Structures are given as structure tokens and as C-alpha cells.
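Since the structure comes first, as C-alpha cells, the remarks are kept for the end.
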Amino acid sequence: MDLKQASKQLEQVRNQSLAYTNKGSVASYIPELAKVNSHQLGVAVCLPDGTILSTGDADVPFSMQSISKIFSLIVALCQNGKEYVFRHVGKEPTGDPFNSIIKLETTESHKPLNPMINAGAIAVAGMIRGANVDERLDAVMALMRKMTGNPHLSINQAVYCSEKKTADRNRALAWFLKDSGILETDVEETLDLYFRHCSIEVTAKEVATLGMVLAADGILVNTGERVIPEEVARICKTFMVTCGMYNASGEFAIDVGIPAKSGVAGGIMATVPQRMGIGVFGPSLDEKGNSVAGVKLLELLSKEWKLGIF
Ligand code: GLN
């Protein structure tokens, strides 16, 4: 890859997508997220040798929100094994919004359909072990600090408190899961862990680095150290394809064709097997909760660099 040319193309694609920040709106159901400037757009690409290309608002910190569901899943799988995890959460996509409650009652044994929707991610948070919430969060933070190489990674307290105060829907999901026996740990503690891991603050550059580790099947680019078992990395990438963009995952697979996971703060982590990790930040969302400009940018970049995996 000619880095100079690639940087230029990245900038062009970002500029072409910038107008899309006028479409959609920032998430407001978490009041703190509504304060963010909706016209930001940043993108970063991390290559297999650790080189990072970036343009726009790639150093602006934002909370991971649903992108963090990948990392809580990794920890839950490593601590419990896949048989245990998939006894409590399914592997199938849903056509419903990410915070939907409707299928919990109608699905066999009330298992959430997958770990990328809120119900599934709350069930996954319930499986993360530790003596208390701090220790359980540390397991997720330690993994992410290792993957990003940033020992100072931390949570955004304002976003965390804002979500905790307003999360009635997530509370409803968690209590339903508790009643069904899917959630075996304390409800409020598990929700606290979930809100905290959703509030972990990152930049598009860090998200690109995280995506690159998954692209390399769980190996750190700089040191060659394995931080995620290969099978766990494979499971995550598969969920990113089938469920990562919520109920727009099918459309995204056709238009962009890259495993990706989005969050309601406007971040998207994309991972192109063996080739690169991509981090995008554009806080204005479509009605399904995906960054409008971010999705457009990835679509254009995928075409330009022929990144589609299908
Ligand atoms: N913390 C958010 C919530 O539970 C995450 C949702 C998302 O990013 N889609 O609602």
C-alpha cells in the first residue's frame, strides 16, 4: 500500500462523507450524548505493522457504547468458555431495534437472541467474573488497555452517570433476564458494569487499533503477542457481520461488506481480516442508531480500497 496515496484517498472519502453529518441526529436518550457536536467526522486506519493513517476528528474521545459489547463478550468467553456463554445468549440476528424487549418473552428459554443487542450484552456482563464490579470492569479494561496500548484508558464519568440515571429500558431487560434465570448475578451490579463498559472512552485511532487486533485473529500488531484466542476472535468477527450494525446489519453487509460494530455515541469499529482495523467517529445517527456519515464513509472506503470480504 502506498501510504501517501492511501492518506490522500482517506481524506477524500472523509470529505465526501462530511455533508452526511447534516443528516440524522445525535443520541438523546442518554442526555450527556446529546451535548456532542454532531458535525464531527473522523476516521483512522491501523495497518498490520501498526502504522496509523487518520484524518478529521480522529483524536476526539467518545464513549464506546455498543462497540464495548465485543470486548465484554471476549472476556466472558475467555472466563467461561463458549458452551456456558451460549447457554445464556443466542447466536442469531434479530430484525428488532437494539433495545427491544419483545423477543425475550417469545424466544425459547427466554435467551436473548445475540450478544450485540442490549439484552444479550447485559446477559454477557452478568457472566463476567470478579469479586465486585470494579474487578469485573477491570477485566474488560485490562484487555482493552493491552489491545490499544493505552494504559490510561478510562470511563467517561458524565456519560456513565447520565446513562445510569435514565436507563429504565435496560433495567427492564435486566430484571426480565433475572426472572427467566438467564441472569444469575446481581441485577444492579451487572447493570452498573454494563453502563461502565459502555462509557469507556476511546478515539477513532484507538478503535482502529482494536479492529486491527481482531483483523489479525487476536494478535497484537506491535509485539506479536496473542491477546485473544483465535476462535474467540473468529466468533466476534462473525457477530460483527451478522449483528454488529443492529437491524441494519444485512444492508451494511451488502453495501460495505466488512465486519463492523457501531455504538450510539457515533463510533464504528470495522475489521478487514488480515488487512486493517478502521475506527470511525461521527455522532449523528440514523433511526437505527448507526452513524450516518460513518456508514457512508465506510461504504466509499470499501469501494475505493476493495475491502469487502464477500
Ligand atoms: N449504552 C447504550 C444502551 O444501552 C448502548 C447502546 C448502543 O450503543 N446501541 O442503550
Side-chain angles (χ1 to χ4, degrees), residues 24-36 38 61-73 89 93-102 104 112-126 128 133 137 140 144 155-177 183 187-202 204 207 210 239-240 242-249 252 260-270 279-292 294-295:
S25 50
V26 293
S28 55
Y29 76 100
I30 299 176
E32 198 61 25
L33 296 182
K35 296 181 183 167
V36 171
S38 63
F62 60 92
S63 56
M64 298 194 83
Q65 299 301 333
S66 281
I67 303 173
S68 65
K69 292 170 180 172
I70 291 288
F71 304 94
S72 55
L73 177 64
V89 63
T94 142
D96 302 319
F98 63 82
N99 60 355
S100 179
I101 197 162
I102 193 157
L104 275 189
L113 276 172
N114 68 69
M116 300 294 112
I117 52 172
N118 287 10
I122 293 167
V124 167
I128 295 177
V133 181
L137 180 71
V140 181
M144 290 191 48
I155 70 169
N156 180 318
Q157 283 293 336
V159 171
Y160 157 62
C161 294
S162 181
E163 177 164 18
K164 193 170 168 140
K165 260 192 238 152
T166 54
D168 295 329
R169 173 70 73 103
N170 284 332
R171 275 198 184 85
L173 294 172
W175 283 106
F176 193 95
L177 292 170
L183 185 58
V187 173
E188 279 303 329
E189 276 183 23
T190 293
L191 280 167
D192 196 47
L193 171 61
Y194 173 78
F195 302 144
R196 290 213 245 168
H197 75 59
C198 283
S199 312
I200 296 172
E201 214 167 41
V202 285
V207 172
L210 293 166
F239 275 129
M240 287 165 78
T242 57
C243 318
M245 303 299 283
Y246 320 121
N247 44 334
S249 297
F252 187 87
K261 180 75 205 89
S262 66
V264 288
I268 305 176
M269 173 176 73
V280 185
F281 170 57
S284 201
L285 309 178
D286 61 22
E287 68 289 348
K288 291 183 176 166
N290 295 316
S291 168
V292 186
V295 168

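Just so we're clear, the structure is a prediction, and the values are computed from it rather than from any experiment. When a ligand or atom number is given, it counts from 1 through the structure's own listing order.
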(request) Let me know which of H197, M269, K261 forms a side-chain contact (heavy atoms from CB on, under 4.5 Å) with S68. (result) H197
Could you list each nitrogen or oxygen of ligand 1 that sits under 3.5 Å from a protein nitrogen or oxygen, with the atom names and the distance?
from: ligand 1; atom 1: 1 (N); to: Q65; atom 2: OE1; distance (Å): 2.6
from: ligand 1; atom 1: 1 (N); to: E163; atom 2: OE1; distance (Å): 2.9
from: ligand 1; atom 1: 1 (N); to: E163; atom 2: OE2; distance (Å): 2.8
from: ligand 1; atom 1: 4 (O); to: N118; atom 2: ND2; distance (Å): 3.1
from: ligand 1; atom 1: 4 (O); to: E163; atom 2: OE2; distance (Å): 3.1
from: ligand 1; atom 1: 4 (O); to: N170; atom 2: ND2; distance (Å): 2.8
from: ligand 1; atom 1: 4 (O); to: Y194; atom 2: OH; distance (Å): 2.7
from: ligand 1; atom 1: 8 (O); to: S66; atom 2: N; distance (Å): 3.0
from: ligand 1; atom 1: 8 (O); to: S66; atom 2: OG; distance (Å): 2.7
from: ligand 1; atom 1: 8 (O); to: Y246; atom 2: OH; distance (Å): 3.4
from: ligand 1; atom 1: 8 (O); to: V264; atom 2: N; distance (Å): 2.9
from: ligand 1; atom 1: 9 (N); to: S66; atom 2: OG; distance (Å): 2.8
from: ligand 1; atom 1: 9 (N); to: Y246; atom 2: OH; distance (Å): 2.7
from: ligand 1; atom 1: 10 (O); to: Y29; atom 2: OH; distance (Å): 2.5
from: ligand 1; atom 1: 10 (O); to: N118; atom 2: ND2; distance (Å): 3.3

(request) Keeping the roles fixed (side chain from S284, backbone from G24), state whether a donor-acceptor pair exists under 3.5 Å. (result) yes
(request) Given side chain to side chain contact (heavy atoms under 4.5 Å, CB included), test I122 with F176 step by step and report yes or no. (result) CA-CA 11 Å; I122 293 167; F176 193 95; over 6 Å; no
(request) Using a 4.5 Å cut-off on heavy atoms from C-beta on, say whether the side chain of L33 contacts that of P283. (result) no
(message) If the condition is salt bridge (Lys or Arg N to Asp or Glu O under 4.0 Å), which residues does K165 pass it with, not counting sequence neighbours?
(response) none
(request) For the residue pair F98 and M245, establish whether any side-chain heavy-atom pair is separated by less than 4.5 Å. (result) no
